[in-house]
Amino acid sequence: MIRVLLVDDQPLIRSGFRALLDLEDDIEVVAEAADGGQGLALAREHLPDVALIDIQMPIVDGIEATRRIVADPALAGVHVVILTNYGMDEYVFDALRAGAAGFLVKDIEPDDLLHAVRVAARGDALLAPSITRKLIDRFVSRPLAPASGAGLAGLTARERESVALVALGLSNDQIAARMVISPMTAKTHINRAMAKLHARDRAQLVVFAYESGLVTPIDHG
């Protein structure tokens, strides 16, 4: 059973998501919260597999709630998925940097929401290639933080290559084809890189690849 926590200051949004999720045999909404502070307390109480958190809320917003959840060792098994009204607003990048596993637009199709919850619960990346490309576009349009290659030294050449390809938006199968290895080996390289870099998921690998200078954005404009 996948345990889900809903955190949104709009009761209508919460009730709509709950009605949809509770229809599934393998998903259970264990709690609801109207702000990030309450959401954090309920996460500690219920230890959900997935926390769907609105990015903009009063008192404690979604970014700060995500940051606090990620920083709590007791909540290491909680995968945060950010909810937003827009496909890519100014806060999404900050949420991913804070440790969110990905994000969903609130008007998502029901089947896509259910799939996303199951993907997040497995600990897999919740970034479709199209979303990864939006992240890359965001890096192109904003100044990079000073490059810090400190974490690169601990990666093997193949691990560095796999992280760079993740940052370009390639799937595991595409990475395997590019590196001429099996998909399982590609996944192993990526997982080892994530462990060494203390990255919770693929989204954080994208952030690291650009901020470390491993991949340099090309301005197409």
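Values below: all heavy atoms of this structure, side chains included; hydrogens, waters and symmetry mates excluded. For the single chain, residues carry numbers from 1 onward in sequence order.
- For the atom pair L40 CG and L75 CG, the distance stands at 6.5 Å (nearest 0.5 Å).
- Residues L21 and L114 have side chains in contact (heavy-atom distance under 4.5 Å, counting atoms from C-beta outward).
- When hydrophobic clusters are built by joining Ile, Leu, Val, Met, Phe, Trp and Tyr residues whose side-chain heavy atoms come closer than 4.5 Å, directly or via intermediates, I27 is grouped together with I108.
- For the pair H46 and A31, the tightest heavy-atom approach, listed with the atom from each and the gap, is CD2-CB, 3.6 Å.
- Residues D61 and Q56 have side chains not in contact (no heavy-atom distance under 4.5 Å, counting atoms from C-beta outward).
- No donor-acceptor pair under 3.5 Å is formed between the side chain of E161 and the backbone N or O of R158.
- Put simply, the side chain of R3 never gets that close to the backbone of V50: no donor and acceptor are under 3.5 Å apart.
- Within 6.0 Å of CZ in R192 there are 12 or fewer heavy atoms belonging to other residues, nucleotides or ligands.
- Between the side chain of K196 and the main chain of L155, no donor-acceptor pair closer than 3.5 Å is present.
- Rounding to the nearest 0.5 angstrom, the gap separating the OG1 atom in T84 from the CD1 atom in I55 is 5.5 Å.
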Requested in this report: Would you check, one step at a time, whether the test side-chain hydrogen bond (donor to acceptor under 3.5 Å, both in side chains) holds for T185 with S182?
Outcome: CA-CA 5 Å; T185 301; S182 72; 2.9 Å; yes
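- Residues I53 and L5 are not in side-chain contact: their nearest non-hydrogen atoms beyond the backbone lie 4.5 Å or more apart.
- At a threshold of 4.5 Å between non-hydrogen side-chain atoms, the residues I190 and L205 count as touching.
- There is no path of hydrophobic side-chain contacts, each under 4.5 Å, that joins M1 to V30.
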Requested in this report: May I have the step-by-step check of side-chain contact (heavy atoms from CB on, under 4.5 Å) for T66 and I82, ending in yes or no?
Outcome: CA-CA 8 Å; T66 298; I82 290 293; 3.5 Å; yes
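- Counted within 6.0 Å of CZ on R18, heavy atoms from surrounding residues, nucleotides or ligands total more than 12; the atom is thus considered enclosed.
- Salt-bridge annotation for D8 and K106: present, with a side-chain N of the basic residue lying under 4.0 Å from a carboxylate O of the acidic one.
- The shortest heavy-atom contact between A209 and V163 is CB-CG1, 4.0 Å.
- Proximity of a side-chain donor or acceptor of D22 to a complementary backbone N or O of V29 within less than 3.5 Å is detected.
- Remark: I13 CD1 to E32 CD distance equals 11.5 Å, nearest 0.5 Å.
- The environment of D111 atom CG is sparse: at most 12 non-hydrogen atoms of other residues, nucleotides or ligands sit within 6.0 angstrom.
- M179 CE to N172 CG: the interatomic distance, rounded to the nearest 0.5 Å, is 11.0 Å.
- A donor-acceptor contact shorter than 3.5 Å is absent between the side chain of D54 and the backbone of M57.
- When all heavy atoms are compared, the tightest approach of A65 to G36 is CB-CA, 3.8 Å.
- Taking CG of L6 as the reference point, atom CG of L83 lies at 8.0 Å (rounded to 0.5 Å).
- Taking each heavy atom of L104 and A116 in turn, the nearest pair found is CD2-CB, 3.7 Å.
- Of all non-hydrogen atoms in V78 and P48, the two that sit nearest each other are CG2-O, 3.3 Å.
- Ion pairing between R118 and E24 holds under the 4.0 Å rule for side-chain N and carboxylate O.
- Atom NE2 of H79 sits about 12.0 Å away from atom CD1 of I69, to the nearest 0.5 Å.
- The closest side-chain heavy-atom distance from R122 to V119 is below 4.5 Å.
- Residues H189 and I181 meet the side-chain proximity criterion, which asks for heavy atoms closer than 4.5 Å.
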Requested in this report: Begin from the C-alpha positions of V117 and V4 and carry the test side-chain contact (heavy atoms from CB on, under 4.5 Å) through to its verdict.
Outcome: CA-CA 8 Å; V117 167; V4 176; 3.8 Å; yes
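- Taking 4.5 Å as the limit, every side-chain heavy atom of L52 sits out of range of all side-chain heavy atoms of V7.
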